[in-house]
Amino acid sequence: MKRREKLMGELLALFTAAVLLTGCVERPPQSEPESSSTPIPVSQPQSVQSESENELDAAEQLLAGMTLRQKVGQLFLIRPESLCGELTPDQVHDASAFGVREWTDAMTNRLAEYPAGGVVLFGKNLVDPQQLAAMMGAIQRTGGIPLLVGIDEEGGTVARLANSPGFDLPRFEEMAAIGAQGDPDAARQVGGTIGGYLRQYGFQLDFAPVADLWTNPKNTVIGTRAFGSDPALVSRMVKAAIEGFHEQGILTCIKHFPGHGDTEGDSHAGYVVLDKSWQELKGRELIPFVQNFENTDLVMVAHILLPQVTDDGLPASLSAELISGRLRGELGYDGLVVTDSLAMGAITQQYTSGESAVLAFAAGADLLLMPQDYTAAFESLLSAVERGEISQTRLDESVLRILRAKQKAGLI
């Protein structure tokens, strides 16, 4: 698919030398770090602020002073490794290796050339509270428009911080077990507890809670991450969890629209089809999403193909029929839309990084999550705007949504 595969052997051979020169990626620790039960505060918890007229004016003023490159950059949430020029895209997205654990001057310089809206941290970026505090402080001293810092911290299996050995944090059962209690207060406690320590460590965005229904026993990608299979129960649990996160000042993202819980495939690995009609989806899978549109800050769109819903042959995350037509048009959602990771197999096996970025944005997404090759995605989207394929009006619309979310999180 890409010429870099032919160069992989040489790149890997040169990797160690490049790291020593740039200092972008730290070597793995020789032993497990000691746990610490005391988080290092980066910023004090605060409630998510309401948007006043003055705040909206401030966002518009900031937008008016931005360059085209800055505007395009706001559309991307990237891994910190994407700012390390010596790493290949495959190394950037490696699940456990090549993790950046220190923000360097070289990364800040790269960010000035290729601005971004925010960064997403994973387990490979985390050592202990002291290391994380230092990295968070450096991230927010990069200058320019502050970066959103996000993480996947659902509770249960998907909890990058709580499941990291260097942190002594509360751990929760899978959300299916929380949902089985039938008590929204249990979900609210999950959101409040997780949101509390995320805010202490300097995060503003959590890609949670999961709004999928677990209706297919063969489904492995969602499974017990979901609160259950009953739409009404899941809706209540999602609403309560969001309230808990918001009480701690954390932005939320419900996922994976229009519902990934009745698929057998895993879109991390490749092509996935959900063979249901729109009416069937409206009767079940869509209910927890629609009932929480007014509560959440973001909706994440999955990479699943819906042959009975759209005619364009595109996965939901790249489909204007689904995002602009169904999600925004028919269902009336006017908040932030983020794609699932554009480095997942369902995307990279079919599209280049540039193609997927342009298609997703043209389809109606605001935020493009972790493209496999950030530089290529950035340049392709920039070129599409410069050529007039994407209008300045459309670009400004999404950037303003993103800036308002940053206001809500207290960043600007």
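Numbers here simply count residues along the sequence, with the first being 1.
- Put simply, the side chain of Lys406 gets close to the backbone of Gly117: a donor and an acceptor are under 3.5 Å apart.
- Side-chain atoms of Ser398 and Asp366 form a donor-acceptor pair, as typed in the model, at a separation below 3.5 Å.
- The closest side-chain donor-acceptor pair between Gln248 and Tyr197, if any, does not fall under 3.5 angstrom.
- Legend: salt bridge (Lys or Arg N to Asp or Glu O under 4.0 Å) pairs involving residues 154-167, not counting sequence neighbours, sorted by first then second residue: Asp152-Arg160, Glu154-Arg225, Glu154-Lys255.
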Report the C-alpha distance between Val301 and Val338 in whole Å, list the side-chain angles of each, state the deciding distance to 0.1 Å, and finish with yes or no for side chain to side chain contact (heavy atoms under 4.5 Å, CB included).
CA-CA 6 Å; Val301 182; Val338 60; over 6 Å; no

Does Leu161 form a side chain to side chain contact (heavy atoms under 4.5 Å, CB included) with Leu126? I'd like the steps, not just the answer.
CA-CA 7 Å; Leu161 268 168; Leu126 308 171; 3.9 Å; yes

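- No donor-acceptor contact under 3.5 angstrom links the side chains of Glu243 and Asn295, judged on distance only.
- Two residues are said to be in side-chain contact when any heavy atoms from C-beta on lie closer than 4.5 Å; Leu381 and Phe76 meet this criterion.
- With hydrogens and angles left out, the side-chain atoms of Arg110 and Thr375 include a donor and acceptor closer than 3.5 Å.
- Of the candidates Glu285, Gln291, Arg284, Gln291 is the only one forming a side-chain contact (heavy atoms from CB on, under 4.5 Å) with Ile287.
- Heavy-atom minimum distance, Val100 versus Cys84: CG2-SG, 3.6 Å.
- Across Asp312 and Ser319, no two heavy atoms sit closer than the pair OD2-OG, 2.7 Å.
- Val210 and Phe227 make their closest contact through O-CD1, 3.8 Å (heavy atoms, listed as atom of the first residue, atom of the second, distance).
- Lys71 and Asp396 are joined by a salt bridge, as a carboxylate oxygen and a charged side-chain nitrogen come within less than 4.0 angstrom of each other.
- Side-chain atoms of Trp103 and Thr108 form a donor-acceptor pair, as typed in the model, at a separation below 3.5 Å.
- His303 and Asp340 form no side-chain donor-acceptor contact under 3.5 Å, judged by distance and modelled atom types alone.
- The closest donor-acceptor contact from the side chain of Gln131 to the backbone of Val127 lies under 3.5 Å.
- Within a 6.0 Å radius of CD in Glu330, other residues, nucleotides and ligands contribute more than 12 heavy atoms.
- Ring-centre distance between Phe167 and Tyr201: below the 6.0 Å cut-off.
- By the 4.0 Å N-to-carboxylate-O rule, Asp185 lies too far from Lys239 to be salt-bridged with it.
- The minimum heavy-atom distance linking Leu286 with Pro258 is given by the pair CD2-CB, 3.6 Å.
- A perpendicular orientation is assigned to the rings of Phe257 and Phe289, their planes being inclined by more than 60° (bins at 30° and 60°).
- Side-chain N or O atoms of Glu379 include none that pairs as donor or acceptor with a backbone N or O of Ala376 at under 3.5 Å.
- Every residue meeting the side chain to side chain contact (heavy atoms under 4.5 Å, CB included) condition with Ser380, not counting sequence neighbours, appears here in chain and number order: Val358.
- Here the shortest heavy-atom pairing between Arg69 and Pro115 reads O-CG, 3.9 Å.
- With a 4.5 Å cut-off on side-chain heavy atoms, Leu251 and His246 do not count as touching.
- Seen from the ring of Phe361, Arg394 counts as a face-on cation partner, given the 6.0 Å and 45° thresholds.
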Evaluate Leu305 against Leu274 for side chain to side chain contact (heavy atoms under 4.5 Å, CB included), listing each step before the verdict.
CA-CA 6 Å; Leu305 189 68; Leu274 182 59; over 6 Å; no

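- Counting only distance, with no hydrogens or angles, the side chain of Arg199 and the backbone of Gly249 share a donor-acceptor pair below 3.5 Å.
- Minimum heavy-atom separation, Ala316 to Leu306: CB-CD1, 4.2 Å.
- Taking 4.5 Å as the limit, every side-chain heavy atom of Arg326 sits out of range of all side-chain heavy atoms of Thr310.
- For the pair Gln308/Trp278, no side-chain contact is recorded, criterion being any heavy-atom separation below 4.5 Å from C-beta on.
- At least one donor-acceptor pair closer than 3.5 Å links the side chain of Gln70 to the backbone N or O of Thr67.
- Looking at Arg79, its side chain never comes within 3.5 Å of a backbone N or O of Phe122 through a donor-acceptor pair.
- At distances below 3.5 Å, at least one donor-acceptor pair connects side-chain atoms of Asn292 with backbone N or O atoms of Pro288.
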So Gln204 and Leu198, side chain to side chain contact (heavy atoms under 4.5 Å, CB included) or not? Walk me through it.
CA-CA 7 Å; Gln204 298 87 34; Leu198 290 184; over 6 Å; no

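- For Arg171 (side chain) and Ala162 (main-chain N/O), a donor-acceptor pair under 3.5 Å exists by modelled atom type.
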